[in-house]
Structures are given as structure tokens and as C-alpha cells.
Amino acid sequence: MTLVVGLISGTSVDGIDAALINITGRTEDIQVELLAANTYPYPTDLRSQILAACKGEAISIPQLAALDDAIALCFAQAAQNIQAGHPPAELIGSHGQTVFHRPPVLTSRDVAGNASTTLGYSLQLGRGAVIAQLTNTPTVSNFRAADIAVGGHGAPLVPKVDAYLLSHLHEARCVQNLGGIGNLAYLPPRSHVNWEEKVRGWDTGPANTLLDLAVQHLTDGAQTYDRDGNWAASGTPCHPLVEQWLNQDFFHLPPPKSTGRELFGWEYLQQCLVDARSYQLSASDLLATLTEFTVASIVHSYRTFLPQMPERVFLCGGGSRNLYLKQRLQIHLDIPVLTTDEAGLSADFKEAIAFAVLAYWRQQGIPGNLPQVTGAKQAVLLGELV
Ligand SMILES: Nc1ncnc2c1ncn2[C@@H]1O[C@H](COP(=O)(O)OP(=O)(O)OP(=O)(O)O)[C@@H](O)[C@H]1O
Ligand SMILES: CC(=O)N[C@H]1[C@@H]2OC[C@@H](O2)[C@@H](O)[C@@H]1O[C@H](C)C(=O)O
């Protein structure tokens with residue numbers, strides 16, 4: 001039994017998700033017990049600085065260093081707070097805060113069809129050495145770098161954890177994360193020969209980023225998201241606009257693929273607002289249309305790139321609490337749409353749990369990436385252990 005803390009702040013930049021878990025077993029036989037979980041919001045000023053960096057605003061190297069350590073300090077505090085009242089954790093897995101993500105780019109193809117790509121780059125702030133020092137606990141961080149160095153996207157990394165915690169003996173499942181960005185893990189039945197090799201995963205596009213930015217725009221910053229999707233539910237989606245937005249190259253790229261706020265961020269929303277003008281949409285229609293865009297991008301991704309449709313879909317991430325989004329997905333997919341809570345794994349804290357498991361695998365010498373998901377040349381140990 002190993003007690004591990006997992007920490008992550010995702011692309012929504014809404015705060016640090018922390019989970020304290022007990023791990024037994026290794027891969028096929030791994031089991032996790034969630035002992036404590038909480039979200040610790042960033043101080044407002046720090047969140048603004050992070051969002052500015054994500055937006056691509058200029059930042060000097062001394063400012064970057066200060067931001068890195070301010071984030072590390074918050075992560076260390078979260079690690080300490082989540083352990084209150086429990087025996088001390090043996091290990092911390094800290095994803096950190098993504099401020100930049102660039103997938104590998106295809107540069108050329110030779111006559112035999114072999115692709116040449118530039119390496120991707122993904123920057124997570126909140127250095128692990130500082131967290132290890134402040135918490136006096138071995139810490140694994142910088143999980144994406146090793147996968148990227150062997151040609152992968154460095155994302156998504158959670159599908160291997162999903163595979164061992166959420167796959168079913170006889171049922172093909174999808175786990176759909178609805179964070180700032182959406183991503184899926186396709187889990188074939190475990191009874192299939194070599195089922196692990198048939199696991200798939202990729203980023204589906206925006207989940208909540210555009211919706212959140214639109215709500216902030218419509219309320220002059222008074223609200224940050226559409227609670228339960230109530231506002232969008234009072235509108236009507238504009239289907240021609242959704243079709244137009246789905247023409248974006250990203251949705252037609254075959255996996256492996258990953259994305260971030262660099263593509264589906266503030267500038268993207270500005271273009272959506274311009275496009276929406278010709279349809280004279282009300283605020284609620286705009287939110288319904290952006291919600292439908294998220295739903296359509298997921299459904300298109302499943303129908304185009306999955307080897308077969310799953311029998312059930314399990315949602316996780318903040319968007320799984322958006323009842324309107326969930327309802328629209330259910331209607332379009334026409335298969336049962338549940339949350340991972342209903343499969344025994346917290347929908348709100350699954351990513352934090354996953355980074356605790358990935359840290360544990362790093363310590364145990366077990367690779368954490370799935371090459372068929374990230375596009376890496378090989379399976380590698382993920383993260384740096386301090
Ligand atoms: N009750 C709710 N109703 C509607 N939306 C919600 C609700 N709760 C959370 N959300 C949405 O979920 C978002 C946060 O989701 P989450 O914390 O999973 O994202 P993240 O982990 O930052 O992103 P990613 O997985 O892309 O890294 C919020 O910004 C909000 O849009
Ligand atoms: C670079 C980065 O932080 N990517 C995140 C983001 O948020 C969702 C999606 O895009 C996913 O690819 C990834 O996160 C999860 C934790 C993953 O690696 O599986």
C-alpha cells in the first residue's frame with residue numbers, strides 16, 4: 001500500500017485539484033482508494049498572471065522564474081493541506097500548470113511516406129524540486145517532456161490510467177474528459193486479446209474554454225462559467241454555425257492529436273463572436289451554440305476516428321456537471337452517458353488521481369505513456385523524480 005498525493009491545475013486555470021490516494025497493485029491489478037480530495041483556488045492575481053502567460057503575453061525571464069515559484073508554492077501548500085489528518089504521503093505527483101503547449105508539427109514526408117516532424121514543446125510551471133523541498137516529500141513532475149522527446153505529443157497521458165482503472169471485462173467504453181479542453185480514452189473490453197494495445201485516446205477540442213470565455217465576455221467578468229449549463233439551456237443552438245466551426249482543420253486531423261488554449265482560446269472566441277453576428281444570436285443562443293460545438297466536435301471525433309462506437313460513455317472533469325452539455329451529448333451519441341463517479345472513480349478528481357498513479361509508476365519503473373495515443377516512438381518513464 002502506498003500513500004500518494006496527486007496535484008494538477010488544468011487548462012481552465014480554476015485552481016489546484018489535489019487528491020490523496022492509497023495505491024495497491026501495479027497495472028492490471030492496480031486499485032486506488034481516494035482518502036481526501038479538494039480544489040484550492042489560485043489567488044486572483046496569480047490566476048491573472050497565469051492566464052496572461054497562456055494568452056501569449058510577453059513575460060521576462062525573471063518574471064517567468066517568479067511565476068514558476070509562486071505556482072510551486074501554491075502546489076506545495078495544496079499537498080500539505082490535503083494530507084491534514086492523514087499519515088504523511090510517501091510520494092507526490094505534480095502535473096503543474098500548463099502555460100504553453102505546442103504539438104509536434106509534420107514538416108515533410110519522404111517518397112516512402114515516412115514523416116519528419118519537429119518535436120513538440122509543453123511547458124508546465126511549478127517546479128517539482130521546490131515542492132519536494134517545501135513538503136519534504138519525494139516529488140515527480142514534468143511528466144510530458146520524456147514522451148515529447150521521443151516524438152510524442154506529451155498528451156493526453158491519462159488514458160493509460162483510465163485503461164487500468166475504468167476498463168470493463170466485456171464492455172467497450174469511452175472516458176470523456178470535459179475540462180478546459182476535451183479528451184477521450186477509448187477502452188476496449190479487457191477480454192479482447194491484447195486489449196491494452198487497442199486503447200486509444202486524443203484531444204477532441206474545446207470543452208469549456210470557449211464557453212467560460214463567452215460567459216466572462218457576456219457578464220463583463222462578473223461570472224466565470226455557466227453553472228449547470230442553465231443559461232445555455234434557455235437558448236437554441238445555431239446549427240449552421242456549428243457546421244461552419246467544425247470545418248476547422250483540427251477536427252479533421254487523424255489522431256494522435258493534442259491541443260490547448262493556444263488554439264481554442266480568446267482569439268478563437270473573438271472569431272466565433274464575429275461569425276455569430278450574422279445570425280443575430282441572443283446571449284443564450286450563443287452559449288447554446290458554443291455548447292453544441294463542443295458536443296458536435298466530440299461526436300464527430302468518435303464517429304470518424306474510433307475503431308467502434310463504445311457501449312457506454314463515462315464523463316469526467318468540470319463539464320460533467322454541466323447538465324445541458326451532458327443532455328446534448330446523450331441525445332447525439334444515443335448511447336448511455338454517465339459520469340466516472342458511477343464507475344467508482346471521482347469525476348472531479350480523476351486527473352489529480354491519475355497524476356498520483358503516474359508518479360507511482362515512475363517510482364516503480366513502469367512507463368506511463370501509451371505510444372499509440374501520444375504518437376511517441378516508444379513507451380517511456382514519465383516525469384522527473386526529486
Ligand atoms: N456545475 C457546473 N456547471 C457547468 N460547468 C461547470 C460546473 N462545474 C465546473 N464546470 C466547468 O468545468 C470547468 C473546470 O473543469 P476542470 O477543472 O475539469 O478543467 P481543467 O482540469 O482545468 O481542464 P483540462 O482537463 O483541460 O486540463 C469550469 O471552468 C467550468 O466551465
Ligand atoms: C498540455 C496539457 O496540459 N494538456 C491537457 C489539456 O487538458 C485536457 C487535454 O488538454 C489533455 O491532453 C491534457 O491533460 C490531461 C490531464 C492528460 O494529459 O491526459
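Numbers here are sequence positions counted from 1. Start at 1 and go down the list; that is how both ligands and their atoms are numbered.
At the top of the distance list for atom 23 (O) of ligand 1, counting protein heavy atoms only, stands Gly180 N, 2.8 Å. For atom 31 (O) of ligand 1, the nearest non-hydrogen atom of the protein is Asp212 OD1, 2.6 Å. In terms of protein heavy-atom proximity, atom 16 (C) of ligand 2 is closest to Glu351 OE2, 3.4 Å. Among protein heavy atoms, atom 12 (O) of ligand 2 sits closest to Asp203 OD1, 2.7 Å.
Put simply, no part of Gly179 is less than 4.0 Å from ligand 2, judged by heavy atoms. Under a 4.0 angstrom heavy-atom cut-off, Asn177 registers as being in contact with ligand 1. At least one heavy atom of Phe355 sits less than 4.0 Å from an atom of ligand 2.
Contacts of Pro156 with ligand 2, taken as heavy-atom pairs under 4.0 Å, involve both backbone and side chain. Counting heavy atoms under 4.0 Å from ligand 1, residue Thr11 touches it through both backbone and side chain.
Closest to atom 13 (C) of ligand 2 by heavy atom, among Gln97, His101, His95, Arg144, is Arg144. Taking each of Asn183, Thr98, Thr11, Asn369 in turn, the one with a heavy atom nearest to atom 8 (C) of ligand 2 proves to be Asn183.
Aromatic pair Tyr164/Trp195: centroids less than 6.0 angstrom apart. The aromatic ring centres of His101 and His153 sit 6.0 Å or more apart.
For ligand 1 and Arg227, the ligand atoms under 4.0 Å from any heavy atom of the residue are 3 (N). Atoms of ligand 1 found under 4.0 Å from any heavy atom of Gly317, numbered from 1 in the order shown, are 18 (O).
No salt bridge links Asp162 with Arg173; every basic N to acidic carboxylate O contact stays at or beyond 4.0 Å. A salt bridge does not link Arg102 with Glu262: none of the charged nitrogens is closer than 4.0 Å to a carboxylate oxygen.
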